[in-house]
Amino acid sequence: MAFFASALLCLGGAGYAVTARRLDRALAAFAVSILAAAVPLVQLGAGSVAALVVLAGAGVLGLLAGVDHLARATARTQSSEADTEATPPRARPWSYWILAGSGVAALIWVLLATGSRQVVEAPEPPRGFAESSQAAWLSLGSEGAWLWPSTVVALLALCAVLAGVLSMVSPATGEGGR
Amino acid sequence: MLPTTHYLYFGIALFALGLGGAALRRSLIAVLLSVQLMFMAAAVLLCAYVPVHGAAQGRVAALLIVLVGFVEVTIAAAVVVRAIRSGEPESSPVAWLEDWAEDWAARSEGEGS
């Protein structure tokens, strides 16, 4: 019963979010859809995936609302034709260097781990499995041992991407920045 | 536990909604939301087939897919912010966020006059 209710809510919210003209209503419907989609994931025993879906959905909502706010503010500025003085160049924020450093650290970690064969060494595939579909075997070691390292590497890669995004949003600087 | 087909139909419906929105809308926000819906549908399907095959790799793949979706929206937002700040949109930055109907009407009026 919970599945059908959440599925109905999720699909309805998704449909409204896709078709709505007003952005605030579309984002609200998308939030409802995200929250409803977490219910089937929890029922499937994927609580971590559901939590990440909700967190990523919140991030997406914040980003898109910010983009809309910025676009409308810029449009208002253009329409009023106010004299805009050239803003002095700014140094890149400290968050950029933290994220970029995390991304570089993740890259070095992966390179070192692969080079020392800590990642590629794994136990032999099961017999029956190897006979049935040999090409599908992915040697990842024992269950759970690789889950958190891979998630950490993925999150550090996300840090690198966010640093790249920050470098785009906060453009080049004069003195004091690069 | 419900049969896997229930989750399969749910995922397909969610993916179809996202695909339709991404294909039919021209609003940037609507397209990005639709892409997110498609990523979410893929994550649901991956998690739904984990009990069937008894392998936990599907959940890790779902985690990465959700993460990739968030990164994709982040990059798109950064590109738009960069374009808005550099004055790329000739008419108005809001035109990027409006639907194709208004945009098309505005362009038609501009070309007619």
Side-chain angles (χ1 to χ4, degrees), chain A residues 3-4 7 10-11 14-15 17-21 23 26-27 29-30 33-34 37 40-41 43-46 48-50 52-53 55-57 59-60 63-64 66-68 70-75 78-79 138 140 143-144 146-147 150-151 154-155 157-158 161-162 164-169 171, chain B residues 1-2 6-7 9-10 13-14 17-18 20-22 24-25 27-30 32-34 36-37 39-40 43-44 46-48 50-51 55-60 62-64 66-67 69-71 73-82 84-87 89 92-99:
Chain A
F3 169 78
F4 292 108
C10 178
L11 293 177
V18 167
T19 56
R21 292 296 181 97
L23 179 68
L27 292 180
F30 183 72
S33 176
I34 287 286
L41 291 172
Q43 286 180 336
L44 287 166
S48 57
V49 180
L52 191 63
V53 163
L55 286 176
V60 166
L63 279 173
L64 295 183
V67 167
D68 179 65
L70 179 64
R72 295 188 190 282
T74 307
Q78 287 180 354
S79 63
L138 184 61
L140 288 171
E143 282 191 14
W146 43 268
L147 176 62
S150 59
T151 307
L155 288 175
L158 174 63
V161 172
L162 290 177
V165 168
L166 278 176
S167 70
M168 294 180 70
V169 174
Chain B
M1 186 179 173
L2 289 171
H6 285 60
Y7 299 99
Y9 295 144
F10 171 62
L14 201 58
L17 276 174
L24 298 177
R25 296 290 300 269
S27 164
L28 176 74
I29 303 291
L32 290 177
L33 288 181
S34 303
Q36 276 299 114
L37 290 177
F39 277 119
M40 204 160 60
V44 168
L46 279 169
C47 291
V50 165
Q57 286 93 336
R59 285 181 192 147
V60 177
L63 283 172
L64 293 179
V66 173
L67 209 57
F70 177 62
V71 167
V73 172
T74 306
I75 292 173
V79 170
V80 171
V81 168
R82 179 78 168 184
I84 287 173
R85 284 188 173 180
S86 64
S92 168
V94 185
W96 286 33
L97 311 179
E98 300 295 342
D99 205 0

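We name chains A, B, ... by the order of the sequence lines, and we start the count at 1 in each one.
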Under the side chain to side chain contact (heavy atoms under 4.5 Å, CB included) rule, what do A:L64 and B:L28 come out as? Steps first, then yes or no, please. CA-CA 9 Å; A:L64 295 183; B:L28 176 74; over 6 Å; no
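A side-chain donor-acceptor contact under 3.5 Å links B:T74 to the backbone of B:F70.
Taking every heavy atom of both residues into account, B:A48 and B:Y7 meet most closely at CB-CB, 3.6 Å. The two residues A:L11 and B:L17 come nearest to each other via the heavy atoms O-CD1, 3.5 Å.
Proximity to chain B (any heavy atom under 4.5 Å) is restricted, for A:A20, to the backbone atoms N, CA, C and O. Heavy atoms closer than 4.5 Å to chain B are found in the side chain of A:L41, but not in its backbone.
Interface summary for chain B: among A:L44, A:V49, A:V60, A:V18, the most heavy-atom pairs under 4.5 angstrom belong to A:L44.
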